[in-house]
Amino acid sequence: MTVEAMECVEIFNSAGKGRGLKATKEFWAGDVIFAETAYAAVVFDNLTHSVCHTCFKRQEKLQRCGQCKFAHYCDRTCQKDAWVNHKTECSAIKKLGKAPNENVRLAARITWRIEREGSGLTEGCLVSIDDLENHIDNFQEEEKNGLMDDVQSFLDYWPSQSQHYSMNYISHIFGVISCNGFTLSDQRGLQAVGVGIFPNLCLVNHDCWPNCTVIFNNGKIELRSLGKINKGDELSVSYIDFLNLTEDRQKQLKKQYYFDCTCEHCTKKIKDDLLLAVTEGDQKPADSLVKEVVQFSKDTMEKIDKARSEGLYHEVVKYCRECLKRQEPVLAETNIYKLRILSISSEVLSYLQMFEEAADNAKKMVDGYLKVYHPHNAQLGMAVMRAGVTHWHAGLIEVGHGMICKAYAILLITHGPSHPITKDLEAMRAQSEMELRMFQQNEFVYYKMREAALSNKPIQIMQEPNTEAQGTIFNKKH
(Lines give C-alpha, C1' and ligand atoms only; values in the text may rest on other atoms or scores of the structure.)
Protein backbone atom coordinates (compact mmCIF):
# COMPACT_ATOMS: atom_id res chain seq x y z
CA MET A 1 0.00 0.00 0.00
CA THR A 2 1.53 3.30 -1.10
CA VAL A 3 1.86 6.42 1.05
CA GLU A 4 -0.83 8.06 -1.11
CA ALA A 5 -3.19 5.13 -0.52
CA MET A 6 -2.53 5.18 3.22
CA GLU A 7 -3.65 8.80 3.25
CA CYS A 8 -7.04 7.78 1.78
CA VAL A 9 -8.03 5.70 4.82
CA GLU A 10 -7.57 5.78 8.56
CA ILE A 11 -8.14 3.42 11.48
CA PHE A 12 -10.96 4.20 13.89
CA ASN A 13 -12.94 2.41 16.58
CA SER A 14 -16.12 1.14 14.95
CA ALA A 15 -19.10 0.89 17.30
CA GLY A 16 -19.57 -2.73 18.34
CA LYS A 17 -16.98 -3.97 15.82
CA GLY A 18 -13.63 -2.96 17.29
CA ARG A 19 -11.23 -1.34 14.87
CA GLY A 20 -12.24 -0.48 11.33
CA LEU A 21 -11.20 1.66 8.38
CA LYS A 22 -12.92 4.81 7.20
CA ALA A 23 -12.46 6.95 4.11
CA THR A 24 -10.62 10.24 4.42
CA LYS A 25 -11.80 11.40 0.99
CA GLU A 26 -14.74 10.87 -1.37
CA PHE A 27 -14.86 7.80 -3.64
CA TRP A 28 -17.10 6.81 -6.55
CA ALA A 29 -18.16 3.46 -7.99
CA GLY A 30 -15.16 1.57 -9.37
CA ASP A 31 -12.50 3.62 -7.58
CA VAL A 32 -9.57 1.66 -6.13
CA ILE A 33 -9.38 2.76 -2.51
CA PHE A 34 -6.14 0.91 -1.93
CA ALA A 35 -4.10 -1.96 -3.35
CA GLU A 36 -1.96 -4.20 -1.17
CA THR A 37 0.60 -6.93 -1.75
CA ALA A 38 0.55 -9.95 0.54
CA TYR A 39 2.58 -9.92 3.73
CA ALA A 40 2.99 -13.63 3.00
CA ALA A 41 1.13 -16.08 0.73
CA VAL A 42 1.25 -19.74 -0.34
CA VAL A 43 -0.32 -21.95 -3.00
CA PHE A 44 -2.95 -24.49 -1.89
CA ASP A 45 -1.66 -28.00 -1.23
CA ASN A 46 -3.56 -29.56 -4.13
CA LEU A 47 -2.29 -27.01 -6.70
CA THR A 48 1.43 -26.76 -5.89
CA HIS A 49 2.43 -28.30 -9.25
CA SER A 50 0.08 -26.27 -11.46
CA VAL A 51 0.20 -22.74 -9.98
CA CYS A 52 3.21 -20.42 -9.85
CA HIS A 53 4.38 -19.93 -6.24
CA THR A 54 5.21 -16.26 -6.94
CA CYS A 55 2.49 -14.74 -9.15
CA PHE A 56 -0.21 -17.41 -8.50
CA LYS A 57 -0.96 -17.82 -12.20
CA ARG A 58 -2.07 -21.22 -13.47
CA GLN A 59 0.28 -22.57 -16.12
CA GLU A 60 0.50 -25.85 -18.01
CA LYS A 61 4.29 -25.98 -17.76
CA LEU A 62 6.10 -24.67 -14.71
CA GLN A 63 9.76 -24.77 -13.74
CA ARG A 64 10.49 -26.67 -10.53
CA CYS A 65 12.96 -25.54 -7.87
CA GLY A 66 16.04 -27.74 -8.36
CA GLN A 67 16.76 -27.89 -4.63
CA CYS A 68 13.54 -28.70 -2.77
CA LYS A 69 11.68 -30.07 -5.85
CA PHE A 70 8.51 -28.55 -4.35
CA ALA A 71 8.18 -24.91 -5.44
CA HIS A 72 7.14 -24.24 -9.04
CA TYR A 73 7.50 -21.02 -11.06
CA CYS A 74 6.49 -19.55 -14.42
CA ASP A 75 10.09 -18.73 -15.33
CA ARG A 76 13.43 -17.51 -13.99
CA THR A 77 11.96 -14.08 -13.25
CA CYS A 78 9.32 -15.49 -10.89
CA GLN A 79 11.88 -17.82 -9.32
CA LYS A 80 14.27 -14.92 -8.70
CA ASP A 81 11.50 -12.75 -7.23
CA ALA A 82 10.56 -15.59 -4.87
CA TRP A 83 14.04 -16.27 -3.52
CA VAL A 84 13.87 -13.89 -0.54
CA ASN A 85 10.83 -15.83 0.75
CA HIS A 86 11.80 -19.26 -0.54
CA LYS A 87 15.45 -19.41 0.50
CA THR A 88 14.88 -20.52 4.10
CA GLU A 89 11.75 -22.44 3.13
CA CYS A 90 13.71 -24.41 0.54
CA SER A 91 16.24 -25.59 3.14
CA ALA A 92 13.49 -26.45 5.65
CA ILE A 93 11.59 -28.56 3.09
CA LYS A 94 14.76 -30.43 2.11
CA LYS A 95 15.61 -31.14 5.75
CA LEU A 96 12.07 -32.32 6.60
CA GLY A 97 11.93 -34.41 3.44
CA LYS A 98 8.51 -33.03 2.42
CA ALA A 99 6.49 -29.84 2.42
CA PRO A 100 4.04 -29.37 5.30
CA ASN A 101 0.43 -28.29 4.75
CA GLU A 102 -0.49 -24.82 3.49
CA ASN A 103 -1.31 -23.51 6.97
CA VAL A 104 2.12 -24.45 8.30
CA ARG A 105 3.87 -23.14 5.19
CA LEU A 106 2.06 -19.79 5.50
CA ALA A 107 2.76 -19.53 9.24
CA ALA A 108 6.45 -20.20 8.58
CA ARG A 109 6.63 -17.58 5.83
CA ILE A 110 5.01 -15.02 8.14
CA THR A 111 7.39 -15.89 10.96
CA TRP A 112 10.48 -15.78 8.74
CA ARG A 113 9.47 -12.31 7.58
CA ILE A 114 9.02 -11.22 11.19
CA GLU A 115 12.48 -12.66 11.89
CA ARG A 116 13.97 -10.61 9.02
CA GLU A 117 12.10 -7.33 9.55
CA GLY A 118 10.89 -7.36 13.15
CA SER A 119 7.34 -7.57 14.46
CA GLY A 120 6.50 -3.87 14.24
CA LEU A 121 4.81 -1.99 11.40
CA THR A 122 6.30 -2.70 7.99
CA GLU A 123 6.26 -0.25 5.08
CA GLY A 124 2.76 0.31 3.75
CA CYS A 125 1.03 -1.46 6.67
CA LEU A 126 -1.40 0.27 9.01
CA VAL A 127 -1.30 -2.62 11.49
CA SER A 128 1.29 -5.22 12.53
CA ILE A 129 0.82 -8.98 12.53
CA ASP A 130 1.11 -8.88 16.32
CA ASP A 131 -1.91 -6.58 16.56
CA LEU A 132 -4.26 -8.61 14.35
CA GLU A 133 -7.10 -10.57 15.97
CA ASN A 134 -6.58 -14.32 16.44
CA HIS A 135 -9.87 -15.32 18.18
CA ILE A 136 -8.21 -18.41 19.70
CA ASP A 137 -10.32 -17.96 22.83
CA ASN A 138 -13.41 -18.56 20.66
CA PHE A 139 -12.13 -21.80 19.12
CA GLN A 140 -14.21 -24.93 19.60
CA GLU A 141 -12.56 -28.14 20.81
CA GLU A 142 -12.04 -29.46 17.28
CA GLU A 143 -10.43 -26.19 16.20
CA LYS A 144 -8.13 -26.21 19.22
CA ASN A 145 -7.02 -29.75 18.42
CA GLY A 146 -6.33 -28.72 14.82
CA LEU A 147 -4.37 -25.73 16.10
CA MET A 148 -2.20 -27.94 18.31
CA ASP A 149 -1.54 -30.30 15.38
CA ASP A 150 -0.46 -27.37 13.21
CA VAL A 151 1.78 -25.96 15.95
CA GLN A 152 3.50 -29.34 16.33
CA SER A 153 3.98 -29.61 12.56
CA PHE A 154 5.38 -26.08 12.58
CA LEU A 155 7.94 -26.99 15.28
CA ASP A 156 9.00 -30.06 13.30
CA TYR A 157 9.43 -27.87 10.21
CA TRP A 158 11.03 -24.80 11.80
CA PRO A 159 14.86 -24.78 11.37
CA SER A 160 16.88 -25.09 14.56
CA GLN A 161 19.17 -22.23 13.48
CA SER A 162 16.24 -19.81 13.09
CA GLN A 163 15.03 -17.60 15.94
CA HIS A 164 12.76 -19.47 18.34
CA TYR A 165 9.33 -18.20 19.31
CA SER A 166 7.00 -19.14 22.16
CA MET A 167 4.11 -21.57 21.73
CA ASN A 168 1.70 -18.70 22.43
CA TYR A 169 3.21 -16.59 19.67
CA ILE A 170 3.13 -19.41 17.12
CA SER A 171 -0.48 -20.09 18.12
CA HIS A 172 -1.24 -16.40 17.56
CA ILE A 173 0.12 -16.64 14.00
CA PHE A 174 -2.10 -19.65 13.26
CA GLY A 175 -5.09 -17.86 14.80
CA VAL A 176 -4.46 -14.86 12.54
CA ILE A 177 -4.36 -17.17 9.50
CA SER A 178 -7.58 -18.89 10.55
CA CYS A 179 -9.48 -15.61 10.88
CA ASN A 180 -7.79 -13.45 8.27
CA GLY A 181 -6.35 -15.69 5.54
CA PHE A 182 -7.54 -14.19 2.23
CA THR A 183 -8.34 -16.51 -0.68
CA LEU A 184 -6.19 -15.80 -3.76
CA SER A 185 -7.55 -16.50 -7.24
CA ASP A 186 -5.83 -17.36 -10.50
CA GLN A 187 -5.13 -14.75 -13.16
CA ARG A 188 -8.71 -14.83 -14.52
CA GLY A 189 -10.38 -14.85 -11.10
CA LEU A 190 -12.13 -18.17 -11.76
CA GLN A 191 -10.38 -20.57 -9.38
CA ALA A 192 -9.15 -20.22 -5.79
CA VAL A 193 -5.46 -21.15 -5.85
CA GLY A 194 -3.91 -19.97 -2.60
CA VAL A 195 -4.13 -18.07 0.66
CA GLY A 196 -2.36 -14.97 1.94
CA ILE A 197 -2.31 -12.44 4.75
CA PHE A 198 -3.02 -8.77 3.89
CA PRO A 199 -2.83 -6.76 7.16
CA ASN A 200 -4.62 -3.63 5.89
CA LEU A 201 -7.48 -5.66 4.43
CA CYS A 202 -7.88 -7.35 7.81
CA LEU A 203 -9.00 -3.99 9.22
CA VAL A 204 -12.01 -3.75 6.87
CA ASN A 205 -15.15 -4.87 8.70
CA HIS A 206 -18.03 -6.94 7.37
CA ASP A 207 -21.42 -5.75 6.15
CA CYS A 208 -23.90 -7.97 4.32
CA TRP A 209 -24.63 -5.04 1.96
CA PRO A 210 -21.14 -3.50 1.76
CA ASN A 211 -19.85 -0.36 0.08
CA CYS A 212 -16.66 -2.06 -1.17
CA THR A 213 -15.51 -5.28 -2.78
CA VAL A 214 -12.09 -6.89 -2.85
CA ILE A 215 -10.46 -8.73 -5.74
CA PHE A 216 -7.04 -10.23 -6.45
CA ASN A 217 -5.50 -8.64 -9.55
CA ASN A 218 -1.97 -9.00 -10.89
CA GLY A 219 -0.39 -10.02 -7.59
CA LYS A 220 -2.23 -7.53 -5.37
CA ILE A 221 -5.60 -7.26 -3.69
CA GLU A 222 -7.63 -4.19 -4.61
CA LEU A 223 -10.29 -2.69 -2.36
CA ARG A 224 -12.77 -1.16 -4.80
CA SER A 225 -15.73 1.14 -4.15
CA LEU A 226 -19.17 -0.16 -5.18
CA GLY A 227 -20.82 3.26 -5.14
CA LYS A 228 -20.38 6.73 -3.73
CA ILE A 229 -18.51 6.76 -0.41
CA ASN A 230 -18.39 10.00 1.51
CA LYS A 231 -15.46 11.23 3.55
CA GLY A 232 -15.75 9.71 7.03
CA ASP A 233 -17.81 6.68 5.93
CA GLU A 234 -16.74 3.29 7.26
CA LEU A 235 -15.40 0.94 4.58
CA SER A 236 -16.93 -2.52 4.52
CA VAL A 237 -16.83 -5.75 2.51
CA SER A 238 -18.96 -8.88 2.74
CA TYR A 239 -17.06 -11.84 4.15
CA ILE A 240 -19.64 -14.30 2.78
CA ASP A 241 -22.09 -14.67 -0.09
CA PHE A 242 -25.23 -12.57 0.44
CA LEU A 243 -27.42 -15.25 -1.14
CA ASN A 244 -28.53 -16.74 2.18
CA LEU A 245 -31.32 -16.07 4.62
CA THR A 246 -30.45 -13.66 7.43
CA GLU A 247 -30.47 -16.42 10.03
CA ASP A 248 -28.14 -18.59 7.96
CA ARG A 249 -25.75 -15.71 7.22
CA GLN A 250 -25.57 -14.87 10.91
CA LYS A 251 -24.87 -18.49 11.84
CA GLN A 252 -22.11 -18.71 9.24
CA LEU A 253 -20.50 -15.46 10.39
CA LYS A 254 -20.66 -16.52 14.03
CA LYS A 255 -19.14 -19.92 13.27
CA GLN A 256 -16.41 -18.74 10.92
CA TYR A 257 -15.59 -15.24 12.16
CA TYR A 258 -16.88 -15.22 15.77
CA PHE A 259 -19.14 -12.16 15.70
CA ASP A 260 -22.85 -11.36 15.61
CA CYS A 261 -23.71 -9.34 12.52
CA THR A 262 -25.84 -6.28 13.31
CA CYS A 263 -25.81 -4.69 9.86
CA GLU A 264 -29.03 -3.11 8.58
CA HIS A 265 -29.83 -6.04 6.30
CA CYS A 266 -29.55 -8.49 9.19
CA THR A 267 -31.36 -6.30 11.72
CA LYS A 268 -34.30 -5.67 9.37
CA LYS A 269 -34.03 -9.04 7.56
CA ILE A 270 -34.03 -7.18 4.26
CA LYS A 271 -34.53 -9.45 1.22
CA ASP A 272 -35.66 -12.42 3.33
CA ASP A 273 -39.16 -11.94 1.95
CA LEU A 274 -37.82 -12.36 -1.60
CA LEU A 275 -35.64 -15.34 -0.69
CA LEU A 276 -38.65 -17.12 0.81
CA ALA A 277 -41.21 -15.90 -1.72
CA VAL A 278 -43.88 -18.22 -3.13
CA THR A 279 -45.84 -17.95 -6.35
CA GLU A 280 -48.53 -15.29 -6.58
CA GLY A 281 -51.89 -15.74 -8.21
CA ASP A 282 -55.53 -16.40 -7.48
CA GLN A 283 -54.66 -18.91 -4.80
CA LYS A 284 -51.54 -18.77 -2.66
CA PRO A 285 -49.87 -22.18 -2.09
CA ALA A 286 -50.76 -23.72 1.26
CA ASP A 287 -48.08 -23.47 3.96
CA SER A 288 -47.96 -27.26 4.20
CA LEU A 289 -47.24 -27.52 0.45
CA VAL A 290 -44.51 -24.87 0.66
CA LYS A 291 -42.89 -26.71 3.57
CA GLU A 292 -43.05 -29.99 1.65
CA VAL A 293 -41.43 -28.49 -1.50
CA VAL A 294 -38.70 -26.77 0.52
CA GLN A 295 -37.84 -30.04 2.27
CA PHE A 296 -37.84 -31.84 -1.09
CA SER A 297 -35.44 -29.16 -2.38
CA LYS A 298 -33.09 -29.65 0.58
CA ASP A 299 -33.13 -33.43 0.15
CA THR A 300 -32.45 -33.02 -3.57
CA MET A 301 -29.47 -30.75 -2.85
CA GLU A 302 -27.91 -33.54 -0.78
CA LYS A 303 -28.38 -36.00 -3.67
CA ILE A 304 -26.93 -33.44 -6.09
CA ASP A 305 -23.86 -32.84 -3.91
CA LYS A 306 -23.17 -36.58 -3.81
CA ALA A 307 -23.66 -37.01 -7.56
CA ARG A 308 -21.44 -34.01 -8.36
CA SER A 309 -18.66 -35.29 -6.12
CA GLU A 310 -18.75 -38.56 -8.07
CA GLY A 311 -18.86 -36.82 -11.45
CA LEU A 312 -22.33 -38.20 -12.27
CA TYR A 313 -23.51 -35.09 -14.11
CA HIS A 314 -26.40 -36.71 -15.97
CA GLU A 315 -27.75 -37.78 -12.57
CA VAL A 316 -27.43 -34.16 -11.43
CA VAL A 317 -29.50 -33.03 -14.42
CA LYS A 318 -32.19 -35.59 -13.61
CA TYR A 319 -32.39 -34.43 -9.97
CA CYS A 320 -32.56 -30.77 -11.03
CA ARG A 321 -35.35 -31.38 -13.52
CA GLU A 322 -37.41 -33.27 -10.93
CA CYS A 323 -36.90 -30.58 -8.34
CA LEU A 324 -37.67 -27.67 -10.68
CA LYS A 325 -40.87 -29.41 -11.72
CA ARG A 326 -41.95 -29.61 -8.07
CA GLN A 327 -40.85 -26.02 -7.36
CA GLU A 328 -42.43 -24.34 -10.41
CA PRO A 329 -46.04 -23.98 -9.17
CA VAL A 330 -45.01 -23.22 -5.59
CA LEU A 331 -41.78 -21.19 -5.29
CA ALA A 332 -41.24 -17.71 -6.78
CA GLU A 333 -38.34 -16.83 -9.08
CA THR A 334 -36.40 -15.20 -6.21
CA ASN A 335 -36.83 -18.11 -3.78
CA ILE A 336 -33.41 -19.19 -2.58
CA TYR A 337 -34.08 -22.91 -3.00
CA LYS A 338 -35.19 -22.38 -6.59
CA LEU A 339 -32.22 -20.13 -7.36
CA ARG A 340 -29.78 -22.75 -6.06
CA ILE A 341 -31.24 -25.49 -8.25
CA LEU A 342 -31.33 -23.18 -11.30
CA SER A 343 -27.67 -22.26 -10.74
CA ILE A 344 -26.50 -25.87 -10.54
CA SER A 345 -28.72 -26.94 -13.43
CA SER A 346 -27.52 -24.23 -15.83
CA GLU A 347 -23.87 -24.88 -14.95
CA VAL A 348 -24.04 -28.65 -15.41
CA LEU A 349 -26.21 -28.47 -18.53
CA SER A 350 -23.67 -26.08 -20.09
CA TYR A 351 -20.87 -28.49 -19.28
CA LEU A 352 -22.84 -31.27 -20.99
CA GLN A 353 -23.41 -28.91 -23.98
CA MET A 354 -27.18 -28.96 -23.55
CA PHE A 355 -27.17 -25.24 -24.17
CA GLU A 356 -30.82 -24.44 -24.87
CA GLU A 357 -32.07 -25.86 -21.59
CA ALA A 358 -29.05 -24.37 -19.80
CA ALA A 359 -29.84 -20.93 -21.23
CA ASP A 360 -33.49 -21.14 -20.17
CA ASN A 361 -32.50 -21.95 -16.57
CA ALA A 362 -29.70 -19.37 -16.58
CA LYS A 363 -32.15 -16.65 -17.67
CA LYS A 364 -34.51 -17.51 -14.80
CA MET A 365 -31.58 -17.53 -12.38
CA VAL A 366 -30.31 -14.13 -13.51
CA ASP A 367 -33.81 -12.62 -13.32
CA GLY A 368 -33.95 -13.74 -9.67
CA TYR A 369 -30.38 -12.65 -8.86
CA LEU A 370 -31.00 -9.13 -10.18
CA LYS A 371 -33.77 -8.68 -7.60
CA VAL A 372 -31.76 -10.09 -4.69
CA TYR A 373 -28.11 -9.09 -5.09
CA HIS A 374 -26.50 -5.66 -4.76
CA PRO A 375 -26.44 -4.24 -8.32
CA HIS A 376 -22.64 -4.09 -8.22
CA ASN A 377 -22.02 -7.49 -6.67
CA ALA A 378 -19.03 -9.35 -8.18
CA GLN A 379 -20.74 -12.74 -7.97
CA LEU A 380 -23.77 -11.30 -9.75
CA GLY A 381 -21.50 -10.01 -12.53
CA MET A 382 -19.82 -13.40 -12.94
CA ALA A 383 -23.17 -15.20 -12.96
CA VAL A 384 -24.57 -12.84 -15.63
CA MET A 385 -21.40 -13.32 -17.69
CA ARG A 386 -21.71 -17.13 -17.58
CA ALA A 387 -25.40 -16.86 -18.50
CA GLY A 388 -24.54 -14.63 -21.45
CA VAL A 389 -21.94 -17.08 -22.73
CA THR A 390 -24.45 -19.93 -22.35
CA HIS A 391 -26.99 -18.01 -24.44
CA TRP A 392 -24.33 -17.41 -27.09
CA HIS A 393 -23.62 -21.15 -27.24
CA ALA A 394 -27.36 -21.76 -27.59
CA GLY A 395 -27.47 -19.38 -30.57
CA LEU A 396 -29.60 -16.86 -28.67
CA ILE A 397 -27.46 -13.90 -29.68
CA GLU A 398 -29.85 -11.07 -28.72
CA VAL A 399 -30.31 -12.12 -25.09
CA GLY A 400 -26.70 -13.30 -24.87
CA HIS A 401 -25.30 -9.96 -26.02
CA GLY A 402 -27.52 -8.08 -23.56
CA MET A 403 -26.29 -10.24 -20.67
CA ILE A 404 -22.64 -9.89 -21.70
CA CYS A 405 -23.05 -6.08 -21.79
CA LYS A 406 -24.74 -6.14 -18.37
CA ALA A 407 -21.95 -8.31 -16.93
CA TYR A 408 -19.29 -6.03 -18.44
CA ALA A 409 -20.83 -2.98 -16.78
CA ILE A 410 -20.79 -4.74 -13.38
CA LEU A 411 -17.24 -6.07 -13.70
CA LEU A 412 -15.89 -2.67 -14.73
CA ILE A 413 -16.80 -1.60 -11.19
CA THR A 414 -16.03 -4.77 -9.23
CA HIS A 415 -12.88 -5.87 -11.10
CA GLY A 416 -11.80 -2.81 -13.09
CA PRO A 417 -10.82 -2.50 -16.76
CA SER A 418 -7.31 -3.98 -16.28
CA HIS A 419 -8.44 -7.29 -14.76
CA PRO A 420 -8.00 -10.25 -17.19
CA ILE A 421 -11.62 -11.39 -16.83
CA THR A 422 -12.86 -7.87 -17.71
CA LYS A 423 -10.60 -7.82 -20.76
CA ASP A 424 -11.96 -11.22 -21.80
CA LEU A 425 -15.48 -9.93 -21.35
CA GLU A 426 -14.73 -6.81 -23.41
CA ALA A 427 -13.60 -9.06 -26.28
CA MET A 428 -16.78 -11.17 -25.90
CA ARG A 429 -18.87 -7.99 -25.95
CA ALA A 430 -17.24 -6.79 -29.18
CA GLN A 431 -17.71 -10.20 -30.83
CA SER A 432 -21.34 -10.59 -29.76
CA GLU A 433 -22.10 -7.03 -30.88
CA MET A 434 -20.72 -7.81 -34.34
CA GLU A 435 -22.72 -11.04 -34.50
CA LEU A 436 -25.87 -9.25 -33.35
CA ARG A 437 -25.57 -6.78 -36.23
CA MET A 438 -25.22 -9.68 -38.66
CA PHE A 439 -28.24 -11.38 -37.09
CA GLN A 440 -30.38 -8.25 -37.37
CA GLN A 441 -29.45 -7.82 -41.03
CA ASN A 442 -30.16 -11.42 -42.07
CA GLU A 443 -31.01 -14.18 -39.61
CA PHE A 444 -30.67 -16.96 -42.18
CA VAL A 445 -27.19 -15.89 -43.29
CA TYR A 446 -26.10 -15.40 -39.68
CA TYR A 447 -27.05 -18.93 -38.62
CA LYS A 448 -25.46 -20.42 -41.76
CA MET A 449 -22.21 -18.57 -41.07
CA ARG A 450 -22.33 -19.54 -37.39
CA GLU A 451 -22.91 -23.19 -38.27
CA ALA A 452 -20.00 -23.14 -40.71
CA ALA A 453 -17.70 -21.44 -38.19
CA LEU A 454 -18.54 -23.93 -35.43
CA SER A 455 -18.12 -26.92 -37.76
CA ASN A 456 -14.60 -25.80 -38.66
CA LYS A 457 -13.35 -25.73 -35.09
CA PRO A 458 -13.89 -27.86 -32.00
CA ILE A 459 -16.79 -26.81 -29.84
CA GLN A 460 -15.48 -25.09 -26.73
CA ILE A 461 -15.89 -27.48 -23.83
CA MET A 462 -17.31 -25.70 -20.81
CA GLN A 463 -15.30 -25.83 -17.60
CA GLU A 464 -16.11 -28.79 -15.39
CA PRO A 465 -18.67 -27.80 -12.74
CA ASN A 466 -17.10 -26.70 -9.48
CA THR A 467 -18.08 -28.84 -6.50
CA GLU A 468 -16.49 -26.53 -3.92
CA ALA A 469 -18.49 -24.00 -1.97
CA GLN A 470 -17.90 -20.45 -3.13
CA GLY A 471 -18.67 -17.05 -1.75
CA THR A 472 -16.26 -16.38 1.12
CA ILE A 473 -13.37 -13.97 0.60
CA PHE A 474 -11.42 -15.33 3.56
CA ASN A 475 -9.96 -18.82 3.46
CA LYS A 476 -11.52 -20.26 6.62
CA LYS A 477 -10.73 -23.89 7.40
CA HIS A 478 -13.79 -25.99 8.29
Less than 4.0 Å between a side-chain N and a carboxylate O, is that true for [Y] and [X]?
{"X": "Arg109", "Y": "Glu102", "answer": "no"}
{"X": "Glu302", "Y": "Lys298", "answer": "no"}
{"X": "Lys228", "Y": "Glu26", "answer": "yes"}
{"X": "Lys318", "Y": "Glu315", "answer": "yes"}
{"X": "Lys22", "Y": "Asp233", "answer": "no"}

Output the distance between atom [atom1] ([X]) and atom [atom2] ([Y]), rounded to the nearest 0.5 Å.
{"X": "Thr390", "Y": "Leu349", "atom1": "OG1", "atom2": "CG", "answer": "9.5 Å"}
{"X": "Tyr258", "Y": "His135", "atom1": "OH", "atom2": "NE2", "answer": "8.0 Å"}
{"X": "Cys320", "Y": "Ile341", "atom1": "SG", "atom2": "CD1", "answer": "5.0 Å"}

Self-check item: Pairs involving residues 285-305, ordered by first then second residue, that meet ring-ring contact (aromatic ring centres under 6.0 Å, His included) (sequence neighbours left out)
Solution: none
Practice problem: Using the ring-ring contact (aromatic ring centres under 6.0 Å, His included) rule, collect all pairs that involve residues 210-229, keeping only residues at least two apart or in two chains. | Solution: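 Applying ring-ring contact (aromatic ring centres under 6.0 Å, His included) to every pair that reaches into residues 210-229, excluding sequence neighbours, yields nothing.
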Taking side chain to side chain donor-acceptor pair (under 3.5 Å) as the test, write out the residues that go with [X], two or more places apart.
{"X": "His53", "value": "none"}
{"X": "Asp31", "value": "none"}
{"X": "Lys371", "value": "Glu333"}
{"X": "Asn218", "value": "none"}

Quiz item: Partners of Pro417 by side-chain contact (heavy atoms from CB on, under 4.5 Å), sequence neighbours excluded?
Solution: Arg224, Leu412
Practice problem: Return the set of residues passing side-chain contact (heavy atoms from CB on, under 4.5 Å) with Asp150 (not counting sequence neighbours), or none when no residue passes. | Solution: Asn101, Asn103, Val104, Phe174
Practice problem: Scan residues 243-253 for pairs that pass salt bridge (charged side-chain N to carboxylate O under 4.0 Å, His left out), counting only residues two or more places apart or in two chains. | Solution: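 Residue pairs passing salt bridge (charged side-chain N to carboxylate O under 4.0 Å, His left out), neighbours aside: Glu247-Lys251.
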Exercise. If a pair satisfies salt bridge (charged side-chain N to carboxylate O under 4.0 Å, His left out) and one of its residues is in residues 406-424, list it, with sequence neighbours excluded.
Key: Arg188-Asp424
Which donor-acceptor pairs under 3.5 Å do side chains of residues 285-293 form with protein atoms, sequence neighbours excluded?
residue, atom, partner, partner atom, Å
Glu292, OE2, Arg326, NH2, 3.1

Quiz prompt | Pair Asn138-Tyr257, side-chain donor/acceptor within less than 3.5 Å | solution =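 Absent: no donor and acceptor within the cut-off.
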Quiz item: Using a distance-only test with no angle check, is there a side-chain donor-acceptor pair under 3.5 angstrom linking Asn205 and Ser236?
Solution: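 There is no such pair (donor and acceptor under 3.5 Å, judged by atom type) between the side chains of Asn205 and Ser236.
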Quiz item: Does Glu398 have any salt bridge (Lys or Arg N to Asp or Glu O under 4.0 Å) partners at least two apart in sequence or in another chain, and if so, which?
Solution: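 Expected list: none.
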Quiz item: Looking at Cys261 and His206, what are the two nearest heavy atoms and their distance?
Solution: SG-CD2, 3.7 Å
Self-check item: Closest non-hydrogen atom pair, Val316 against Ile344
Solution: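 That closest heavy-atom pairing would be CG1-CG2, 3.8 Å.
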Self-check item: Side-chain (Arg58) to main-chain (Val193) donor-acceptor, under 3.5 angstrom
Solution: no
Exercise. Applying side-chain hydrogen bond (donor to acceptor under 3.5 Å, both in side chains), run through Gln79 and Asp75 and close with a yes or a no.
Key: CA-CA 6 Å; Gln79 187 170 14; Asp75 48 34; over 6 Å; no
